[in-house]
Amino acid sequence: MTTSTTTGTGRRPGYTNVRPPAVAGAFYPADPDELAATIDRQLDYARKLLAGSATALIRHRADAFPDSADVVDAAAGQGVAGPTPTSWPKAIIVPHAGYVYSGTTAALAYALLARGKGTVTRAVIVGPTHRIGVRGVAMGTADAWLTPLGTVPVDVDAEQAVWGSPSRPASLIVNDPTHRDEHAVEVQVPFLQRVLGEDLRIVPMNAGTVAPGGCGDVLRAFWGGPETVVVISSDLSHYHPHAEARAIDDDTIAAINTLAVPIDSFRACGASPVNGLLDVLGHAAAGGLRLQHLGCATSGDDGVVTLAGGTRPPMRDPFEPVVGYSSWAVWERPAAGR
C-alpha cells in the first residue's frame, strides 16, 4: 500500500493526501457552525428519547450480560448504562442519508457512543458503494479526510499493519476512485468528530461485492480494543410507498436482530458491510457480543424516530415514496476482572 500526493485546499502540515468533502452543502451543512449546531440538536433529541427508555435499555444490558453492573447516569441525561468499561457501543449501524432525513436516527447510536469520548480514538467506518463499485472491501490512500469541522487523520499505521500482515484478508483491496464521490462514509465523519473530539482517527472503507465472511474478516482485522469503534453505514429500503416501506423495513430489522445473514441489498443499501458485522457477531465467542436495535424512521417521518418496540407515527401519505433508516448498537462483554 502506497500513499499518493495530491494538491488542493484543506491540507494541513504533515498531510500529503487529504480527501476533500464530496457532499458538504448537500447531505449536511457546509458551514461549520451550522453543521455543529445541527449535529448537537439531533444528539439532544436522541438523548431525550434514550432518557425516556432508560429502564428498557438497562434491562436489555442486564439480560445480555447478567454478571455486569449497570447504573443510570441521570446527570448526563442520557438514560443509558453508566460509567462502566462497556458503557458505549463497540460497533454501531447507522444510516447515511442527508441529515435532515436520517440524522436523528443516526444520532441514537452516536448519543451512546459519545460516552466513549476520551477512550475511543479510532473509528473503522465501512459503507457501501453507490457510485463506483468494487470487488472486496476498499481502503483508500488518503492520509486525512477534510470536513467543515476540520481535518481528521486516517490511521495509516493501522492500515499498513493490516495490509502488510501475512494474515491480510483476501477481500481487502486499495481503490481510491470508489472513495472520491461516495457519501456513505463521509456523512459519518462529522458526527464522529462531534462526539469523539480531536483525538479521532479513522479507517474509511467501502464494501462492494463481497461475501459476508470476506467483509467480516476485514472487520476482525481492524477490530482492535476499547480505543476502536466499528461504524457500519447503511440505509434500509429505497423509494417504496410509505406503508410498504415500513413493512419491508420491519422485516429487515427483524432479520438483522436475529443475525439472519445474508441481508439483501434490496432491503439495505449497505448490505455488504451489514452482513460483515453480522458475520462477526455470528462467529463471536458465546455471549461476547450483543446486538441491540435502537430505533427507526423513514424520510417521510420528518425526523421523528420510533424507538425499538414503539409505535410508528401516523403517515402523511401512505403512497409517498420514502427511504428507510434504522440504528443498532453492539455491546461487548466486559473483560474479566474489570
Side-chain angles (χ1 to χ4, degrees), residues 3-47 88-89 92 94-100 102-104 106-107 109-127 139-160 176 178-206 222 224 227-233:
T3 301
S4 60
T5 301
T6 187
T7 60
T9 60
R11 184 192 297 176
R12 291 198 323 195
Y15 300 127
T16 60
N17 186 3
V18 178
R19 181 208 183 260
V23 294
F27 279 65
Y28 57 85
D31 177 80
D33 293 334
E34 182 184 354
L35 176 56
T38 296
I39 293 172
D40 289 350
R41 184 170 59 251
Q42 293 178 334
L43 288 170
D44 185 59
Y45 171 86
R47 290 186 180 110
W88 55 85
I92 58 176
V94 283
H96 54 233
Y99 285 11
V100 67
S102 69
T104 48
Y110 284 118
L112 297 177
L113 180 59
R115 300 177 67 80
K117 184 177 181 180
T119 299
V120 180
T121 57
R122 179 173 67 179
V124 176
I125 318 167
V126 189
M139 299 187 296
T141 63
D143 57 3
W145 281 39
L146 179 68
T147 82
L149 299 183
T151 306
V152 182
V154 171
D155 193 343
V156 176
D157 290 342
E159 290 183 335
Q160 291 181 343
D176 275 328
T178 190
H179 287 277
R180 185 179 58 236
D181 298 318
E182 179 58 54
H183 68 275
V185 168
E186 178 182 326
V187 299
Q188 310 304 340
V189 180
F191 263 105
L192 289 163
Q193 289 174 283
R194 202 66 185 153
V195 300
L196 296 180
E198 295 181 354
D199 292 335
L200 173 67
R201 296 163 294 145
I202 60 173
V203 178
M205 294 183 282
N206 289 349
F222 285 101
E227 81 291 337
T228 300
V229 64
V230 172
V231 179
I232 302 299
S233 181

Review point. What residues form a ring pair (Phe, Tyr, Trp, His ring centres under 6.0 Å) with Y28, not counting sequence neighbours?
Key: Y99
Check your understanding: At what distance, to the nearest 0.5 angstrom, does CG of L192 lie from CG of L200?
Key -> 6.0 Å
Study note, to complete from the structure: Of all heavy-atom pairs linking L196 and G116, the shortest is CD2-C, 4.4 Å
**Study point:** Contact check, side chains of V231 and V124, non-hydrogen atoms, under 4.5 Å
**Key:** no
Review point. Can you check whether A184's main-chain N or O pairs, donor with acceptor, with S233's side chain at less than 3.5 Å?
Key: yes
**Study point:** Contacts of R180 that satisfy side chain to side chain contact (heavy atoms under 4.5 Å, CB included) - sequence neighbours left out
**Key:** I132, P177
Exercise for review: Kindly write out the residues that satisfy side chain to side chain contact (heavy atoms under 4.5 Å, CB included) with A106, not counting sequence neighbours, or none if the list is empty.
Suggested key: V94, P95, Y110
Review point. Sequence neighbours excluded, which residues qualify as salt bridge (Lys or Arg N to Asp or Glu O under 4.0 Å) partners of E227?
Key: R122
Exercise for review: Please name the pair of heavy atoms, one in S102 and one in A97, separated by the smallest distance, quoted to 0.1 Å.
Suggested key: OG-N, 3.1 Å
Check your understanding: Which value, rounded to the nearest 0.5 Å, describes the distance between I92 atom CD1 and I125 atom CD1?
Key -> 9.0 Å
Point to revise | Any E186 side-chain heavy atom under 4.5 Å of F27 side chain | key: no
Exercise for review: Check A22 against D181 and note the closest heavy-atom contact, atom names and distance.
Suggested key: CB-CA, 4.0 Å
Practice item. Mind listing the closest non-hydrogen atom pair of P29 and P148 along with its distance? Key: O-CG, 3.8 Å
Check your understanding: Could you give the distance from CE (M139) to OG1 (T178), rounded to the nearest 0.5 Å?
Key -> 13.5 Å
Practice item. Identify the heavy atoms of A30 and A24 that sit nearest to each other, and give their distance. Key: CB-C, 4.1 Å
Exercise for review: Working to the nearest 0.5 Å, report the span between CG of N17 and CG of D143.
Suggested key: 5.5 Å
Review point. Are M205 and V185 close enough, and set up right, to give a side chain to side chain contact (heavy atoms under 4.5 Å, CB included), and what steps lead you there?
Key: CA-CA 8 Å; M205 294 183 282; V185 168; over 6 Å; no
Check your understanding: Taking all non-hydrogen atoms of both residues, which atom of V156 and which atom of A142 are closest, and how far apart?
Key -> CG2-O, 4.5 Å
Exercise for review: For the pair R19 (side chain) and H179 (backbone), establish whether a donor and an acceptor sit closer than 3.5 Å, ignoring hydrogens and angles.
Suggested key: yes
Point to revise | Straight-line distance of D44 CG to T104 OG1, nearest 0.5 Å | key: 12.5 Å
Review point. Quick one: ring pair (Phe, Tyr, Trp, His ring centres under 6.0 Å) partners of H96, sequence neighbours excluded?
Key: H130, H183
**Study point:** Residue pairs fulfilling side-chain hydrogen bond (donor to acceptor under 3.5 Å, both in side chains) with at least one residue in residues 193-205, sequence neighbours excluded
**Key:** D40-R194, T121-R201, T147-Q193, D155-R201
Review point. Given side chains that start at C-beta, do those of W88 and V229 come closer than 4.5 Å, heavy atoms only?
Key: no
Study note, to complete from the structure: The reported gap from CH2 in W145 to OG1 in T151 (rounded to nearest 0.5 angstrom) is 13.0 Å
